[in-house]
Amino acid sequence: MEFHEKLQELRKQQGITQEQLAESLYVSRTAVSKWESGRGYPNIDSLKAIAVFFGLSVDELLSGGELLTIAEQDKQQSASRLCDIVFGLLDLCVLLFLFLPLFGQETDGVAQSVSLLSMTNISPYLRTAYIVVVGGIAASGVLTLVLQYCVHPFWVKSKAAVSLCLNAAGALLFIISRQPYAATLLLVFLTIKAFLLIKRH
């Protein structure tokens, strides 16, 4: 008998609804419905909670193949969350551009290193573009950290691409406007992210 069939049978034997089971396991009713319909498996922690709730061992709930599937799924989720944390923190690090002297500007014929907030001798349009890029990357970092448990298909597929595109756009802007320190830092972040994605897949 497959896991989803066992879970449904055990729940019915106990005479409880999906919602009651979900409350006991501290998960959503949608999650229980997904497990019972065979559209997914619980993670290791939820699986242990199910076994305890019904007074069974994990081995009694699953076949060997299913256990391997869950272990692999859990490993992928852990790798994905770690990737999200690194992406989010790297994107938030871009806020340091506002305060660290990573930008060059010429004042009275003398080249100086200044922070983004201290830049005065550039066009307002370019300064605005810098701030928009930095703000966009930082906002992407905040969303990545806050929504790391979000399973909406659009967000899952697009979060890494959005972060990479914003980083690439920022690096390109800084290269074109001859800001080598800021561009180099973004290229380093971009390289780390690309490495993580390659390693994850």
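Numbers here are sequence positions counted from 1.
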Identify whether [X] and [Y] are in the same connected component of the hydrophobic contact network (ILVMFWY, side-chain heavy atoms under 4.5 Å).
X	Y	answer
Leu164	Val156	no
Ile16	Leu56	yes
Leu172	Phe97	no
Val132	Phe99	no

Taking C-beta and beyond as the side chain, do [X] and [Y] meet within less than 4.5 Å on heavy atoms?
X	Y	answer
Leu10	Ile50	no
Tyr125	Thr128	no
Leu47	Phe3	yes
Leu92	Val142	yes
Leu90	Asn167	no

For the residue pair Arg81 / Gln148, report whether a side-chain donor-acceptor contact shorter than 3.5 Å exists. no
Check the side chains of Ser113 and Tyr181 for a donor-acceptor pair under 3.5 angstrom, ignoring hydrogens and angles.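 No, no side-chain donor-acceptor pair sits under 3.5 Å.
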Looking at every non-hydrogen atom in both residues, tell me the closest pair between Leu196 and Cys83 and how far apart they are. CB-SG, 4.0 Å
I need the full list of salt bridge (charged side-chain N to carboxylate O under 4.0 Å, His left out) pairs touching residues 155-176, with sequence neighbours left out, sorted by first then second residue.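 Only Asp84-Lys159 qualify under salt bridge (charged side-chain N to carboxylate O under 4.0 Å, His left out).
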Please list all pairs passing the salt bridge (charged side-chain N to carboxylate O under 4.0 Å, His left out) test where one or both residues lie in residues 119-135, with sequence neighbours left out.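 Qualifying pairs, neighbours excluded: none.
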Verdict with reasoning, Val133 to Leu166, per side chain to side chain contact (heavy atoms under 4.5 Å, CB included): CA-CA 7 Å; Val133 164; Leu166 286 170; over 6 Å; no
Less than 6.0 angstrom separating the ring centers of Phe103 and Tyr130, yes or no? yes
Leu7 and Phe54: side chain to side chain contact (heavy atoms under 4.5 Å, CB included), yes or no, with the steps? CA-CA 9 Å; Leu7 181 61; Phe54 290 112; 3.8 Å; yes
